[in-house]
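Right, one structure below, let's go through it.
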Amino acid sequence: MELNHLVLQASRARLFKELKEVQREKVADPDIQLSCDDNNIFKWTALIKGPSETPFEGGVFQLAFAIPEQYPLQPPQVRFLTKIFHPNVHFKTGEICLDILKNAWSPAWTLQSVCRAIIALMAHPEPDSPLNCDSGNLLRSGDVRGYQSMARMYTRLAAMPKKG
């Protein structure tokens, strides 16, 4: 019982420290807006900007973070709330296939650096481990234009502010 309490305290302290850093860095990283639920330090959301020169450019994508009580020893669970057409993101659930969220996790990662890694993944998809097979198949068969036009269409539909 006592050990659990210590783990929880350590996890909370780490998350509060990250929250302070995020508030300090708001200006430093305009592509990422991380915020924590007012009532629960273990629930966060992020708004990330689609990387330039990708089909996601101009889009703003919302991520949901569920932080385990063993954080940072265990990775957060992160998923896209905004629909995105990408080989490494499950189209329905928003689940993300990214090694640092699974077996390559290290306590050195922060929620901010996880967001950066997700932005990098958006720019450099890995079609060989697809969660979205339609998207992965387009890239694997060499139909980059097909993939990009689908990804752009979904970005326009789901991730861009409606005009008027």
Side-chain angles (χ1 to χ4, degrees), residues 1-26 28-51 54-56 59-136 139 150-151 154-155 157-160:
M1 183 70 200
E2 196 53 38
L3 183 65
N4 263 356
H5 183 67
L6 287 175
V7 168
L8 197 59
Q9 261 183 322
S11 178
R12 265 207 188 97
R14 163 72 181 253
L15 287 166
F16 278 115
K17 180 173 170 247
E18 286 194 39
L19 183 59
K20 273 201 200 82
E21 278 166 26
V22 161
Q23 287 163 342
R24 243 201 338 264
E25 271 185 37
K26 265 202 174 83
D29 202 336
D31 296 337
I32 301 168
Q33 269 188 303
L34 256 172
S35 56
C36 158
D37 184 303
D38 290 340
N39 303 313
N40 185 347
I41 190 81
F42 294 98
K43 283 201 181 341
W44 292 57
T45 54
L47 292 174
I48 58 174
K49 286 189 181 151
T54 73
F56 311 108
V60 176
F61 298 83
Q62 189 176 17
L63 302 172
F65 286 76
I67 320 279
E69 292 182 350
Q70 292 78 21
Y71 181 82
L73 301 176
Q74 285 183 358
Q77 286 184 311
V78 191
R79 63 190 184 89
F80 274 89
L81 294 178
T82 309
K83 284 268 178 267
I84 181 171
F85 187 78
H86 187 287
N88 310 113
V89 181
H90 192 287
F91 190 71
K92 284 199 169 63
T93 66
E95 180 195 343
I96 303 164
C97 180
L98 183 60
D99 57 356
I100 63 151
L101 295 174
K102 307 265 186 310
N103 50 356
W105 173 255
S106 147
W109 287 88
T110 63
L111 302 182
Q112 185 93 2
S113 58
V114 166
C115 287
R116 282 196 203 104
I118 291 170
I119 292 171
L121 181 69
M122 289 167 79
H124 305 284
E126 298 282 345
D128 292 330
S129 57
L131 281 172
N132 178 332
C133 292
D134 294 338
S135 174
L139 284 175
M150 286 292 287
Y154 278 106
T155 298
L157 288 172
M160 288 186 168

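With hydrogens and angles ignored, the 3.5 Å screen pairs no side-chain donor or acceptor of Thr82 with any backbone N or O of Ala159. Using a distance-only test at 3.5 Å, with no hydrogens or angles considered, no donor-acceptor pair links the side chain of Trp109 to the main chain of Pro72. Looking at Asp31, its side chain never comes within 3.5 Å of a backbone N or O of Pro51 through a donor-acceptor pair.
For Pro87 against Leu139, the heavy-atom pair with the smallest separation is CG-CD1, 3.7 Å. In terms of heavy atoms, Ile32 sits closest to Arg116 at CD1-CG, 3.6 Å. Looking at every heavy atom in both residues, Thr155 comes nearest to Phe56 through OG1-CD2, 3.4 Å. Heavy atoms only, all atoms of each residue included: Asp37 and Asn39 are closest at OD1-N, 2.7 Å. When every heavy atom of Lys83 is checked against every heavy atom of Lys92, the shortest pair comes out as NZ-O, 3.5 Å.
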Point to revise | Audit row: Leu121, His86, side-chain contact (heavy atoms from CB on, under 4.5 Å) steps and yes/no | key: CA-CA 9 Å; Leu121 181 69; His86 187 287; 3.9 Å; yes

Check your understanding: Going through the distances and angles, do Leu98 and Glu126 end up as a side-chain contact (heavy atoms from CB on, under 4.5 Å)?
Key -> CA-CA 9 Å; Leu98 183 60; Glu126 298 282 345; over 6 Å; no

Review point. Are Val114 and Ile100 close enough, and set up right, to give a side-chain contact (heavy atoms from CB on, under 4.5 Å), and what steps lead you there?
Key: CA-CA 8 Å; Val114 166; Ile100 63 151; 4.1 Å; yes

Review point. Between Phe61 and Val89, does a side-chain contact (heavy atoms from CB on, under 4.5 Å) hold up when you go through it step by step?
Key: CA-CA 12 Å; Phe61 298 83; Val89 181; over 6 Å; no

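When side chains are defined from C-beta on, Asp134 does not count as touching Met150, because their heavy atoms never get closer than 4.5 Å. Contact check for Asp29 versus Gln112: side-chain heavy atoms found under the 4.5 Å cut-off. Taking 4.5 Å as the limit, every side-chain heavy atom of Leu34 sits out of range of all side-chain heavy atoms of Glu18.
When the options Leu15, Val78, Leu63 are evaluated for a side-chain contact (heavy atoms from CB on, under 4.5 Å) with Trp44, the one that passes is Leu15. Of the residues listed (Val22, Ile48, Leu47, Thr110), the one engaging Cys115 in a side-chain contact (heavy atoms from CB on, under 4.5 Å) is Ile48, and it is the only one.
Here Lys49 contributes atom NZ and Gln33 contributes atom CD; the two are 7.5 Å apart, rounded to the nearest 0.5 Å. Atom CG of Leu8 and atom CZ of Phe42 lie 4.5 Å apart (nearest 0.5 Å). Rounded to the nearest 0.5 Å, atoms CH2 (Trp105) and CG (Asp99) are 11.5 Å apart. With rounding to the nearest 0.5 angstrom, the OG atom of Ser11 is 12.0 Å from the CG atom of Leu6. The CG atom of Leu131 lies 7.0 Å from the OG1 atom of Thr93; values are rounded to the nearest 0.5 Å. Atom CG in Asn88 sits 11.5 Å away from atom CG in Leu101 (nearest 0.5 Å).
Applying the 6.0 Å contact sphere to CD of Gln77 captures no more than 12 heavy atoms from other residues, nucleotides or ligands. The number of heavy atoms from other shown groups lying within 6.0 Å of NZ (Lys102) is above 12.
Between Phe85 and Tyr154, the angle of the ring planes stays under 30°, which puts this pair in the parallel group of the 30/60° scheme.
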